[in-house]
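Side chains included, hydrogens not; waters and symmetry mates left out as well; all remaining heavy atoms used. The structure presented is a predicted model; accordingly, all values stated were derived computationally and were not measured.
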Amino acid sequence: MTLGAEGSAVRHCLCHGLCVALCAAAYWNGLPGDLVHDDVWAIVNNPDVRTHSPTTGAFSNDFWGKKLTDSSSHKSYRPLCILSFKLNVLLGGMTPLHFHVVNVLLHCAVTSLLLYTCDKAVFGDCHLAFLTALLFSVHPVHTEAVTGIVGRADVLACLFFLLAFLSYIRSVDSRRSGEYFAPTTSPIFLLFSLLLGTCAMLVKETGVTVFGVCVIYDLLILSLIVTGAALSTASLPPPPSHCSANTGLLHIHHTSVPPLVTVPSAATLLISGTPYNGAFPTDPLLLFLKVVAILFFRVWIMGGSMPNFSEQDNPASFSPHLLTRFLTYSYLLVFNAWLLLAPITLCYDWQVGSIPLVESLWDARNVATAAFVLGILLLTFTCLLSAQRLEHREILVGLLFLALPFVPASNLFFRVGFVVAERVLYMPSMGYCILVVHGVKRLRAVLSKWGASIVMLSTLLLLGLFFWKTVRQNEVWLSRESLFRAGVQTLPLNAKVHYNYANFLKDQGRQSEAIYHYKTALKLYPRHPSALNNLGTLTRNVSEAEIHYRQALKLNPQHNRALFNLGNLYKSQRRWAEAEHLLRDSISYGPQFGDAFSSLAALLIEQVTLEADVIYLRGIENCLENSDLHNNYGVFLVVKATRHYLRAIGLNPKHHVAMVNLGRLLRSSDKNEEAESWYKRALQMTRDVDILSPLGALYYNTGRYEQALRVYSEAIGIQPSNTDLQLAMAQVLCAAGRVKDAERLITHIATEKINCLECYRLLSAIYNKQGNLEEKALEMKPKDAKILAELHFSQGNNFRELNRLDMAFESYKRAVELNPQLSQGWMNMGGIKHIKGDYPAARGYYEKALQLVPGSKILQENLSKLDRLEKRGERSPQRPSAT
């Protein structure tokens with residue numbers, strides 16, 4: 001390698017490194033953010049993301065975990081993005097930091113790949129490519145895609161988009177012929193391009209547009225290069241020595257941007273009437289067939305149906321007037337272009353009220369639309385007339401990258417579920433950056449030295465402003481409150497942002513503020529059924545609440561929450577028939593709404609019907625993870641079982657087993673007096689250990705130790721070798737203060753039953769109170785290290801109850817040294833460090849415990865508390881949960 005080549009390699013590496021560093025610096029302050037807004041539905045509440053769920057679910061459900069054939073599905077099919085979320089959870093749990101880190105790394109990768117693409121396939125100039133990548137790395141419109149976790153779909157799709165584009169260019173290099181364009185690769189790169197383009201589509205639907213970019217780039221640039229080479233071979237000078245270099249899988253040498261030659265373009269030949277004899281390449285045809293196959297598959301997997309959106313999602317698409325739809329859609333193109341050009345006002349939601357419909361030809365916004373369309377047409381016409389010239393090729397690639405990825409979001413072929421979405425501009429912004437840098441290059445070429453300097457200073461100022469705006473916008477995405485509050489401040493005429501902020505305030509118990517924002521949302525958009533329903537839940541006046549629910553159902557008769565709330569209201573008024581009808585409708589329109597099943601079953605129980613059991617089982621089948629539904633069904637089963645036990649006793653008054661079982665049920669419901677009476681009644685039938693044992697436990701748990709001792713003594717007299725009865729009696733002796741008697745009994749049991757773990761636990765509790773655990777533990781000399789670990793763990797619990805945290809920590813530490821699999825020990829060590837404010841150490845212990853029990857909700861809650869405390873820089877006001 002020559003010194004010049006070495007210097008070039010160093011320069012390229014430096015450019016890539018600086019771009020990555022700038023990306024990291026711009027998004028560093030967004031890393032502590034929570035999972036907010038759509039992140040909750042796509043990740044936290046999405047069953048396909050959870051570690052225990054089958055991977056196949058990602059390929060059969062939509063982006064939010066619903067079946068694609070479900071009428072309420074948005075039909076967004078992004079299995080590879082879902083799998084990336086699932087991998088995040090597998091490796092780092094639900095910790096938001098890990099999701100943010102991956103998003104930023106992906107953005108860095110896309111920026112670096114864009115630099116490479118522009119250097120090799122657009123400008124052929126590392127400096128211009130570097131400037132393009134810098135603009136892209138800090139563009140503020142990317143904050144939703146990078147800092148919002150759901151935006152990973154756009155970032156990852158863009159990565160595959162660029163890889164597919166580069167692979168395609170590498171594959172068509174082999175079509176070049178003649179002295180300057182000898183075959184350099186095999187068609188394997190075409191297969192890579194097809195595969196990567198398919199991956200882009202499986203990450204997000206807009207990824208499929210890479211095939212259109214490749215086809216047009218091929219027909220208007222690469223094919224003309226071949227023709228130009230054939231027409232100008234005789235007149236070209238000898239090829240420079242560096243043109244033969246070819247290394248790397250996706251390496252595209254500067255021959256991809258050949259020397260400027262005057263070659264008649266296809267458009268020029270067509271206008272002049274000159275016949276064009278170039279052979280039509282087959283690669284675009286293959287891409288076309290691939291796109292047809294992909295679209296067929298996409299329609300098939302959706303069940304042949306399109307998603308259903310509401311008017312508030314996309315008001316223009318519901319307008320009955322063709323002119324309104326056309327003018328509004330056209331203006332939205334201008335609006336999106338303005339967000340790229342001057343991202344001053346940014347918001348997470350641009351729905352109802354943000355952008356009024358353009359309903360007249362005399363609307364002043366049509367002037368901006370006309371100017372925009374004229375500019376795009378002039379650029380396109382210039383490219384078609386002179387596609388073989390380098391500078392116009394930059395414009396063409398910029399237009400392709402700008403326009404084609406935006407087509408799926410333009411309402412041109414189908415209705416979309418938003419007015420404006422900043423994240424969908426992630427890919428089109430590549431084209432914007434290319435066009436801006438092309439403009440900078442042209443201005444520098446035509447201006448004087450001072451003028452060129454001013455242009456460069458202005459470009460640097462733009463980079464600085466973009467960086468500052470991105471950093472500020474990241475702060476908006478740090479929490480649910482900051483995001484929704486910023487939305488209200490940015491777009492005060494947007495009903496949706498008021499509704500979302502009201503939901504947050506309602507969850508926080510700030511009811512008066514929530515009511516204000518619900519009412520504001522309804523003033524801006526009176527046809528908002530969910531706002532009416534939620535306002536009804538906060539209204540104390542029953543009659544007023546009923547009015548709100550009925551208004552919501554008038555707007556949307558299938559609103560399952562309003563049906564549920566009105567049904568419950570009628571149930572409280574004992575209007576059984578109306579309540580039952582509404583609750584059944586709520587279940588019908590929301591089969592995953594567990595509360596509706598519970599409420600309907602409770603209503604049926606009150607009406608003494610046999611259907612309640614069926615309703616509970618249907619609810620559990622549809623709402624597997626609804627804990628309240630399972631709990632309510634358990635209560636129902638207790639009530640149901642009680643009736644059956646009473647019936648059994650009625651049929652056989654001496655059925656002592658039914659009496660004991662009924663007593664156990666009553667004990668589980670804290671009905672101790674009734675339970676005791678049934679145990680005693682059973683003892684009148686027979687003096688059995690199975691009756692004495694639960695009665696003794698009842699006496700112990702209610703503090704009647706002497707009665708418990710008498711009952712257990714009788715039970716041991718019946719079964720002298722029953723270790724469980726002896727341990728229970730020892731526990732009662734401890735509670736009664738007869739420690740020596742308890743110690744003798746436990747020691748006797750331990751000699752009879754080797755490695756009796758419960759014996760050692762009880763003894764450790766006794767010795768802890770006496771302060772001589774270490775000495776006694778050595779005397780006991782348990783052979784099993786796990787038993788000794790349990791002793792130290794119990795000692796730690798006792799110290800913790802006495803608030804002697806340092807001593808408790810040492811006990812837990814000794815326990816995990818003896819038994820590293822003792823997850824409770826690691827967790828409680830983390831809890832002590834958490835309380836003391838040593839958050840890094842606490843996190844380490846929590847994560848160690850989480851490795852042993854990956855599904856622990858307590859550990860996940862404690863880690864979430866740590867995240868919030870670290871973000872606010874506070875000492876620990878929230879005590880962690882412990883075992």
Side-chain angles (χ1 to χ4, degrees), residues 634 637-638 641-642 644-646 648-770 776 780 782 784 787 790-791 794 797:
L637 290 176
V638 169
T642 300
H644 285 288
Y645 290 138
L646 288 172
I649 296 168
L651 294 171
N652 180 7
K654 295 184 179 181
H655 201 311
H656 65 275
V657 175
M659 295 175 188
V660 173
N661 288 338
L662 180 56
R664 292 181 190 275
L665 273 178
L666 293 168
R667 272 282 296 121
S668 66
S669 302
D670 290 329
K671 297 179 180 179
N672 294 319
E673 291 182 5
E674 295 177 59
E676 182 182 355
S677 68
W678 283 109
Y679 289 145
K680 288 181 176 179
R681 186 170 168 179
L683 286 173
Q684 293 173 4
M685 305 299 142
T686 178
R687 309 298 290 188
D688 191 271
V689 169
D690 290 336
I691 305 172
L692 292 167
S693 180
L695 179 60
L698 185 151
Y699 286 147
Y700 170 72
N701 288 317
T702 53
R704 290 179 281 177
Y705 302 129
E706 292 303 323
Q707 290 171 278
L709 287 173
R710 285 197 296 271
V711 169
Y712 279 126
S713 294
E714 182 181 351
I716 292 172
I718 298 171
Q719 292 184 2
S721 61
N722 190 319
T723 305
D724 292 334
L725 289 174
Q726 293 174 339
L727 285 171
M729 187 169 182
Q731 196 169 357
V732 177
L733 288 169
C734 286
R738 296 167 58 178
V739 177
K740 292 294 183 182
D741 293 336
E743 185 178 353
R744 281 195 296 270
L745 179 56
I746 297 169
T747 304
H748 169 73
I749 299 169
T751 58
E752 297 289 331
K753 186 178 180 181
I754 300 173
N755 290 335
C756 174
L757 180 59
E758 191 59 36
C759 294
Y760 287 112
R761 284 178 175 169
L762 285 172
L763 285 173
S764 69
I766 294 171
Y767 298 150
N768 270 325
K769 291 180 180 179
Q770 296 174 350
K776 293 292 184 178
M780 290 188 289
D784 193 338
I787 292 177
E790 285 285 348
L791 294 177
S794 298
N797 289 341

Exercise for the section: Taking all heavy atoms of Cys734 and all of Ala742, pick out the closest pair and write down the distance. Expected result: SG-CB, 3.4 Å
Problem - Shortest non-hydrogen contact between Ala658 and Ile649, atoms and distance - result: CB-CG1, 3.9 Å
Problem - Heavy-atom pair with the smallest gap, counting every atom of Leu646 and Leu662 - result: CD2-CD2, 3.7 Å
Handout entry: Pairing residues for Lys680 by the side chain to side chain donor-acceptor pair (under 3.5 Å) criterion, not counting sequence neighbours
Key = Glu676
Exercise for the section: Could you give me the CA-CA distance, side-chain angles and deciding distance for Ile691 and Met685, then say whether side-chain contact (heavy atoms from CB on, under 4.5 Å) is met? Expected result: CA-CA 10 Å; Ile691 305 172; Met685 305 299 142; over 6 Å; no
Exercise for the section: Can you see which heavy atom on Pro694 is nearest to which on Val689, and at what distance? Expected result: CD-O, 4.2 Å
Exercise for the section: Check for a donor-acceptor pair, side chain of Ser693 on one end and backbone N or O of Asp690 on the other, with a separation under 3.5 Å. Expected result: no
Problem - Least distance between heavy atoms, Glu674 atom then Ser677 atom - result: O-OG, 2.6 Å
Exercise for the section: Compare all side-chain heavy atoms of Trp678 with those of Val660 and state whether any distance is below 4.5 angstrom. Expected result: no
Exercise for the section: Report the residues that fulfil salt bridge (charged side-chain N to carboxylate O under 4.0 Å, His left out) with Glu714, sequence neighbours left out, ordered by chain and then residue number. Expected result: Arg687
Exercise for the section: May I ask you to decide if Ala697's main-chain N or O and Tyr712's side chain share a donor-acceptor pair within less than 3.5 Å? Expected result: yes
Exercise for the section: Give the minimum heavy-atom separation between Tyr700 and Tyr705, together with the two atoms involved. Expected result: O-CE2, 3.7 Å
